Amino acid sequence: MATLKTNTLTGTSTAGSIAVTGEGNSTTTNLQQGLCKAWVNFDGSGTAAIKDSFNITGITDQGTGQYQFEITNDMANTEFALPACTGNDDSSNAGINRMHQTGTASAGNFHFECADENDSNADATAGYVAVHGDLA
């Protein structure tokens, strides 16, 4: 078995495009398209705070269950995906189970809102969001 060590990968025909052979050896996928471009682990209760993140520079608490996140290195456009989950790490309101994009996203930030099982805005003590799409 060989070990490859490098700090930079560059495609030979297109610098920003590297094809990776899939599991069945019959299809390929674009490496850059498959990478998560940003993610955040946050506590939205009280004073909202980022616990850990990648390519997220800040959080703004916009009211009960409403948050705005600043992306460090902007996305190419507003057509990016935000898979997310939220909840509470205690049993007092464990029903936070729905979130959705609110407001107008830009290439440099996104908003979303958390709601409980009664469709009322609710702060989440545990929130996780990933950003998939094209970087600028």
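Note that this is a predicted model, so its numbers are computed, not measured.
- A distance-only check finds a donor-acceptor pair linking the side chain of Ser106 to the backbone of Asn109 [under 3.5 Å].
- Note: the hydrophobic cluster containing Leu82 also contains Ile71 (ILVMFWY, side chain heavy atoms under 4.5 Å, direct or indirect links).
- Evaluation of the side chain to side chain donor-acceptor pair (under 3.5 Å) test over residues 40-49, restricted to residues two or more places apart or in two chains, returns Asp43-Ser45.
- Among residues at least two apart or in separate chains, there is no side chain to side chain donor-acceptor pair (under 3.5 Å) pair with a member in residues 1-12.
- No single ILVMFWY cluster, assembled from side-chain heavy atoms under 4.5 Å apart, contains both Leu35 and Leu135.
- A donor-acceptor distance shorter than 3.5 angstrom exists from the side chain of Asn55 to the backbone of Lys37, with no hydrogens or angles considered.
- Atom-to-atom distance recorded for Phe80:CZ and Asp74:CG is 9.0 Å, nearest 0.5 angstrom.
- For Ile59, the side chain to side chain contact (heavy atoms under 4.5 Å, CB included) criterion is met by Phe42, Ala48, Ile50, Tyr67, Phe69, not counting sequence neighbours.
- Residues satisfying the side chain to side chain contact (heavy atoms under 4.5 Å, CB included) test with Ala81, not counting sequence neighbours, are Pro83, His132.
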Working note: Gln66 + His111, criterion side chain to side chain donor-acceptor pair (under 3.5 Å); need CA distance, chi angles, decisive distance, verdict.
CA-CA 7 Å; Gln66 300 175 2; His111 312 255; over 6 Å; no
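- Gln33 pairs by the side chain to side chain contact (heavy atoms under 4.5 Å, CB included) definition with Asn30, Asp134, not counting sequence neighbours.
- Trp39 and Phe112 fall into different hydrophobic clusters, where Ile, Leu, Val, Met, Phe, Trp and Tyr are joined by side-chain heavy atoms under 4.5 Å apart, directly or via other members.
- Contact between Ile18 and Gly11 at its shortest, heavy atoms only, is CG1-N, 3.7 Å.
- Under the 4.5 Å side-chain criterion, counting only non-hydrogen atoms from C-beta, Ile56 is in contact with Phe110.
- Minimum heavy-atom separation, Gly44 to Asp61: O-OD2, 4.2 Å.
- Listed by chain and residue number, nothing satisfies the side chain to side chain contact (heavy atoms under 4.5 Å, CB included) test with Thr78 (two or more places apart in sequence, or in another chain).
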